[in-house]
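Everything quoted here is computed from the prediction, not taken from an experiment.
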Amino acid sequence: MITEKHEARGACAGENMNTSIISIRHLCKEFLNVTPLKDVSVEIKKGEVISIIGPSGTGKSTLLRCINLLETPTKGEIVVDGVVTTDKKCKVNLVRQKMGMVFQSFNLFAHKTIIENIMMGQVDLLKRNRQEAYDKGMELLRNIGLADKAFSYPDELSGGQKQRAAIARTVAMEPEIILFDEPTSALDPTMVGEVLSVIRGLAGQGMTMMIVTHEMKFARDVSTRIFYMDQGEIYEDGTPEQIFEHPKRERTRIFIRQLKVLHVEKISRDFDFPAFMTRLEEFGRKQQFSQRQIYAMQLVVEEVLMQKLLPAAGEAEERDLSLDVEYSERENLAQMRFSYNGPSFYPFGEEEDLSGRMIKGMSKAMEHKFVDGMNHFIISI
Amino acid sequence: MKITKTQNGNSLYLALEGRLDTNTAPELEASIKGSIDGVEELTINMESLDYLSSAGLRVLLGAQKIMNKQGSMRVTHVNDTIMEIFEVTGFADILTIEKA
């Protein structure tokens, strides 16, 4: 096995002096009707934790799949730890041993127990004996709190547990790089946290990782570097601070702003209140708000809109009512701004009613401004 | 919201599940009004209630007023978030509450 590995390196190497663990040069992937990757060139160093963010359909997953050779690039070169993987003579399986991949849909074998799933690759590819593979598997399962599920079948586990087991299976192969393709997208929101915490643990151990994710707070906390991908290229590459706080380029700025702000306009009496409550909850979860913050946001929307602003608007025509919810990470504050035209109107008048008491009790600050014919009522939670 | 109603002689037991808000409060109000005649003990179990807004509080207050005349009312299995709502609105002093 080891000899083969050397042969593979010899067969298509020539890049051993490179300090990067992955070098990508002018990578292009074209399908019949679409070009998910136009021209990607980037160097990835050992120990970097890179989150790849960006709108859907901009080549994020295709980039990972090309790196792992699940897709054959149309043009360009990929070098992984000195091996030119895009070379036709390159032994794909040997390259894949350096790289683990965790998929959105777990990809565990349903007819094998969790421990068997974790042992398989170790026995077949790393040639470990069954006892060694078992010991390694159990150690990893213990680390992530799943030792008691070792002899369960995947179908007996929750989504979060399955994904944690899939990560343990990848780690058991002792890869140098782990690629995560939207590891939490298929999970119920309540299970996202347990999976992210396992990935966070790996990042803390110095593993080189590339993570395609929509979990922005996680990306920000755990990564050393962020790729913002848009229209088939790495449109902006920087530290989490640069990308999330001071994005330089236009499309990055728009994307980042949309993440932080929930904007609804033209709110009328026909407003779909239950659907909006669900949207608020999703927005809050994405920002990793506490359950209480989410509750308080929903309460503010219900009390201010349903009890005050919409009834007060009556039959008035030309009512212009909008809401922006914005999260300030620095202050851990959700700010809700109701903007509405008409005469100056403070929803909670002198006499404090039930809605007013609730909102005051659940919020940190309230402010009402009337500027140029527009009311701005701002509540901080 | 799901309301499970159990009537036993002059005791009425309501278990609430989900969200008690502007949309669902009329449902609870109708349910209470339809069964409260002659009830001396009203118990409202909030174990599976996730959310409560002022519209829900008004229904609870209405029920409390009726029960003040004909018996007693208890609100049970109240979680921390809903307890906070009862506290900031002063309802903690009006209702008989048993925490979860």
- Under 4.5 Å to a heavy atom of chain B? For A:Gln291 that would be neither
- Message: For B:Gln64, is the CD atom crowded, meaning more than 12 foreign heavy atoms sit under 6.0 Å from it?
- Response: yes
- Closest heavy-atom contact between A:Met277 and B:Tyr51? SD-OH, 4.5 Å
- Message: Please classify the contact of B:Asp50 with chain A as side chain, backbone, both or neither, using a heavy-atom distance under 4.5 Å.
- Response: backbone
- Considering all heavy atoms, the nearest B:Val88-A:Gly361 contact: CG1-CA, 3.7 Å
- Task: State the CD-CG distance between A:Glu302 and B:Asn23, to the nearest 0.5 angstrom.
- Result: 7.5 Å
- Message: Suppose we screen for side chain to side chain donor-acceptor pair (under 3.5 Å). Which residues come up paired with B:Thr81, at least two apart in sequence or across chains?
- Response: none
- Message: Could you check whether atom NZ of B:Lys5 has more than 12 heavy atoms from other residues, nucleotides or ligands sitting under 6.0 Å from it?
- Response: yes
- Query: Just checking, is any N or O donor in the side chain of A:Tyr295 or B:Glu84 under 3.5 Å from an acceptor N or O on the other one?
  - Reply: no
- Looking at A:Phe273 and B:Asp21, what are the two nearest heavy atoms and their distance? CE2-OD2, 3.7 Å
- Whether over 12 other heavy atoms sit under 6.0 Å from B:Lys33 NZ: no
- Query: Counting only heavy atoms not in A:Arg200, do more than 12 sit closer than 6.0 Å to its CZ atom?
  - Reply: yes
- Task: Could you look at B:Leu61 and say if it's the side chain, the backbone, both or neither that has a heavy atom under 4.5 Å from chain A?
- Result: neither
- Between A:Met358 and chain B, which part of the residue has a heavy atom less than 4.5 Å away: side chain, backbone, both or neither? both
- Out of curiosity, B:Asp80 CG to A:Arg292 CZ, how far, rounded to the nearest 0.5 Å? 11.0 Å
- Task: Working to the nearest 0.5 Å, report the span between CD of A:Gln307 and OG of B:Ser53.
- Result: 6.5 Å
- What is the minimum heavy-atom distance between B:Ser54 and A:Leu354, and which atoms define it? O-CD2, 4.0 Å
